[in-house]
Structures are given as C-alpha cells and as structure tokens.
Colleague: 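The structure that follows is given in the form of structure tokens.
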Amino acid sequence: MKYMLNFLKGLMITVVVICISFYMVTQLFNTTEREEPVVDDRPSVEEFIGEIAETARDLGAENDLYASVMIAQAILESEHGQSGLGSAPNYNLFGMKGSYQNNSVTLETTEDDGSGNLSTIMAAFRKYPSYEASMQDYVKLMRNGVSWNKDFYAGVFKSNTTAYTDATKFLTGSYATDSSYNEKLNTLIAKYDLQQYDSPVKDKKTITVADGDSLMKIAEVYNVKVTSIKQWNQLRTDRLEAGQQLNIYHY
C-alpha cells in the first residue's frame with residue numbers, strides 16, 4: 001500500500017511538471033507569433049549618398065571643390081541625414097552654426113579641444129529648407145571664407161591641393177575641432193568610393209534586371225562596385241527583382 005501511494009505521488013508530480021512545461025512552451029510560441037517584425041525604414045548610407053551626390057558633383061565642379069569631401073562631410077556631420085540636425089525640418093548637413101535667413105535651431109553638441117578632450121555645449125545651428133540649400137551654403141562658406149579672412153578655406157580648393165586627402169587634412173582643426181576628422185572623412189570616401197563624384201560622367205546606361213541577377217553579378221559584369229550601384233539607384237537593400245531597371249555610370 002505504501003509503495004502504491006509513493007508511486008501515485010510520483011506520477012502526479014511528473015504529470016504536473018509535464019503540464020507546466022507544455023504551458024511554458026505554448027506561451028513561448030504564442031508570444032513569438034504575436035510579435036510584429038521590426039522593419040528598419042531608415043535610408044541606407046548609399047540611399048542618402050544617391051540623394052545628394054549629383055548636386056555635390058555639380059557644385060564641386062563649379063566651385064573648385066572635391067565633391068567626395070563634401071559628401072563625406074555630409075555623411076559624418078548629419079549621420080547620413082538621420083541626426084536631429086540633419087533630418088527634416090532642419091536639413092543641416094554640415095553642422096553649420098548660426099542662422100540661415102533668420103532661421104536656426106538650438107541643439108546640444110560635443111566639442112573637441114583639439115587634443116581629444118570632449119565637452120558638451122548648447123549651440124544655435126542653421127536651419128535650411130532643403131538639402132540643396134544646405135549644400136549651397138556650405139559651398140559659399142568654402143569659397144568666401146569667414147568675416148576676418150576670405151581665404152580661410154582656400155586650403156580645400158582642388159587647385160591648391162594634389163588630392164582630396166590634402167583637403168580633409170586642412171579641414172581638421174579649421175572646420176571641425178575633432179582631431180581625427182580627416183581620418184574619418186578619408187575612411188568614408190574610400191568605403192563608399194566617393195572619388196567618382198569628383199569627375200564628370202562619361203557614360204550612363206539603364207539595364208533591366210534578369211532572373212537570377214544579383215548586385216554582385218551586375219557589378220562584375222559592368223566593372224563597377226556594389227556600393228556605387230546602390231548609390232546611383234538609391235537602393236535601401238541588396239534585394240533585386242526581375243524587370244527592375246538600374247542606372248549604371250562610368251567616369
């Protein structure tokens with residue numbers, strides 16, 4: 001009798017454990033099913049570059065400036081258009097302080113004393129109606145300098161340099177207090193092949209994506225880079241669909 005009672009007691013405990021385990025597993029799957037997939041709808045860096053690149057190319061060619069440096073600064077200063085200052089309604093791509101046509105916004109910013117020591121301050125920044133207006137104002141600053149020295153930024157002009165690295169080095173300490181500013185810009189220029197925007201377009205063609213095509217395959221066929229294809233077509237992902245049309249450039 002005692003043996004039977006112990007057996008039944010053990011059996012009941014086993015059944016309870018199994019039920020609890022089944023309930024927990026069921027809840028886990030139900031929770032998973034209820035969760036909505038997280039969709040990142042923020043523009044990619046390439047998509048942002050594609051939005052401003054041709055404006056930068058034109059402004060650079062017209063004003064003796066490196067479009068590559070201009071784009072890299074815009075990416076870095078505005079977090080590719082995603083920062084509070086760089087996105088709508090401020091459209092300030094270059095972290096330019098002051099006001100634009102009497103419009104400004106006050107935000108917190110981090111300053112570098114030139115030796116890598118950081119501090120946080122509140123400052124007024126220019127507020128623009130569009131990215132293009134921000135880029136035009138940036139060019140005006142580069143070409144006209146500051147009130148006490150109109151040639152203050154002459155060290156970034158193509159005619160005064162041998163390569164874009166000379167321009168990024170000059171900007172370090174003159175435009176930005178970040179002591180590694182040029183290194184960050186040079187990295188962006190190399191990673192996203194931004195030098196292509198320092199030259200005019202020699203050839204442009206439109207192709208149609210076929211079944212089985214990928215960005216890598218198309219890049220190899222046309223001897224271009226995947227990141228460039230994404231920029232030219234403002235692509236957010238690497239996914240392609242048959243019948244989709246893509247622009248291909250050569251410089």
Side-chain angles (χ1 to χ4, degrees), residues 37-83 86-88 91-94 128-139 142 158 163-165 167-168 185-251:
V38 177
V39 178
D40 188 353
D41 60 354
R42 294 175 300 175
S44 64
V45 177
E46 286 92 351
E47 194 174 1
F48 171 72
I49 293 171
E51 186 173 356
I52 68 171
E54 292 309 313
T55 299
R57 189 204 304 277
D58 292 342
L59 289 173
E62 294 167 2
N63 294 279
D64 194 27
L65 297 172
Y66 290 98
S68 58
V69 174
M70 193 186 311
I71 297 169
Q73 282 189 272
I75 296 171
L76 182 61
E77 296 282 355
S78 74
E79 298 175 19
H80 68 280
Q82 298 305 293
S83 70
S87 58
Y91 297 108
N92 188 328
L93 294 179
F94 302 96
Y128 299 98
S130 66
Y131 283 156
E132 185 174 1
S134 176
M135 297 170 77
Q136 290 171 342
D137 199 35
Y138 164 88
V139 169
M142 293 296 107
K158 282 185 175 182
Y164 72 82
T165 51
T168 59
L185 295 179
N186 293 343
T187 297
L188 289 169
I189 291 170
K191 180 177 181 179
Y192 295 105
D193 194 28
L194 300 181
Q195 274 190 279
Q196 63 183 299
Y197 300 109
D198 292 328
S199 304
V201 177
K202 293 182 179 179
D203 177 62
K204 175 186 175 181
K205 63 180 64 179
T206 301
I207 65 169
T208 301
V209 176
D211 285 328
D213 275 350
S214 66
L215 284 177
M216 182 65 73
K217 180 179 179 181
I218 293 172
E220 290 176 352
V221 169
Y222 292 96
N223 193 29
V224 296
K225 297 183 179 181
V226 168
T227 184
S228 295
I229 298 176
K230 293 178 73 174
Q231 293 167 34
W232 301 331
N233 298 279
Q234 296 186 37
L235 301 180
R236 188 163 298 186
T237 70
D238 290 351
R239 292 191 298 273
L240 297 177
E241 296 182 1
Q244 182 177 353
Q245 291 193 320
L246 297 176
N247 293 320
I248 303 293
Y249 295 82
H250 286 100
Y251 303 92

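We count residues from 1, following the sequence as given.
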Colleague: Show the nearest heavy-atom pair for residues Ile52 and Ala74, with the distance to one decimal.
Modeller: CD1-CB, 3.8 Å
Colleague: Under 4.5 Å between any side-chain heavy atoms of Ile189 and Gln195, yes or no?
Modeller: yes
Colleague: I need the minimum non-hydrogen distance between Ala53 and Ile71, along with the two atoms involved.
Modeller: CA-CD1, 4.0 Å
Colleague: Without hydrogens or angle criteria, can the side chains of Thr227 and Gln231 be said to hold a donor-acceptor pair below 3.5 Å?
Modeller: yes
Colleague: Drop me the distance from Glu46's CD to Asp193's CG, to the nearest 0.5 angstrom.
Modeller: 11.0 Å
Colleague: Any donor-acceptor pair under 3.5 Å linking the side chain of His250 with the backbone of Lys205?
Modeller: no
Colleague: Run the side chain to side chain contact (heavy atoms under 4.5 Å, CB included) test on Tyr197 and Leu194 for me, step by step, so that the C-alpha distance in whole Å, both residues' side-chain angles and the decisive distance to 0.1 Å come before the verdict.
Modeller: CA-CA 6 Å; Tyr197 300 109; Leu194 300 181; 4.2 Å; yes
Colleague: Does Arg57 pair with Asp198 as a salt bridge, N-O distance under 4.0 Å?
Modeller: no
Colleague: Strictly distance-based, threshold 3.5 Å: is any side-chain N or O of Thr168 a donor or acceptor partner for the main-chain N or O of Thr165?
Modeller: yes
Colleague: Give me the one residue out of His80, Glu79, Gln234 that meets side chain to side chain contact (heavy atoms under 4.5 Å, CB included) with Phe48.
Modeller: His80
Colleague: Begin with the C-alpha distance, continue with both residues' side-chain angles, and end with the deciding distance and a verdict on side chain to side chain contact (heavy atoms under 4.5 Å, CB included) for Leu246 and Leu240.
Modeller: CA-CA 10 Å; Leu246 297 176; Leu240 297 177; 4.2 Å; yes
Colleague: How close do Glu77 and Ser83 get, counting heavy atoms only, and between which atoms?
Modeller: O-OG, 4.3 Å
Colleague: Who are the ring-ring contact (aromatic ring centres under 6.0 Å, His included) partners of Tyr249, not counting sequence neighbours?
Modeller: Trp232
Colleague: Can you check side chain to side chain contact (heavy atoms under 4.5 Å, CB included) on Asn247 and Lys204, steps first, answer last?
Modeller: CA-CA 7 Å; Asn247 293 320; Lys204 175 186 175 181; 3.9 Å; yes
Colleague: Could you list the residues that satisfy ring-ring contact (aromatic ring centres under 6.0 Å, His included) with Phe94, not counting sequence neighbours?
Modeller: Tyr138
Colleague: Which heavy atom of Gly86 sits nearest to which heavy atom of Leu93, and what is that distance?
Modeller: O-CD2, 4.2 Å
Colleague: Would you compute the distance between atom CD of Gln136 and atom OG1 of Thr55 and round it to the nearest 0.5 angstrom?
Modeller: 8.0 Å
Colleague: Can Met142 and Asn63 be said to form a side chain to side chain contact (heavy atoms under 4.5 Å, CB included), step by step?
Modeller: CA-CA 9 Å; Met142 293 296 107; Asn63 294 279; over 6 Å; no
Colleague: So, for Ala167 and Tyr66, which heavy atoms are closest and what is the spacing to 0.1 Å?
Modeller: CB-CD1, 3.9 Å
Colleague: Roughly how far, to the nearest 0.5 Å, is OH of Tyr91 from OG of Ser134?
Modeller: 11.5 Å
Colleague: Donor-acceptor pairs under 3.5 angstrom involving side-chain atoms of residues 207-221: please list them, not counting sequence neighbours.
Modeller:
{"from": "Asp213", "atom 1": "OD2", "to": "Ala210", "atom 2": "N", "distance (Å)": "2.9"}
{"from": "Ser214", "atom 1": "OG", "to": "Lys217", "atom 2": "N", "distance (Å)": "3.1"}

Colleague: Looking at every non-hydrogen atom in both residues, tell me the closest pair between Tyr164 and Ser68 and how far apart they are.
Modeller: CB-OG, 3.9 Å
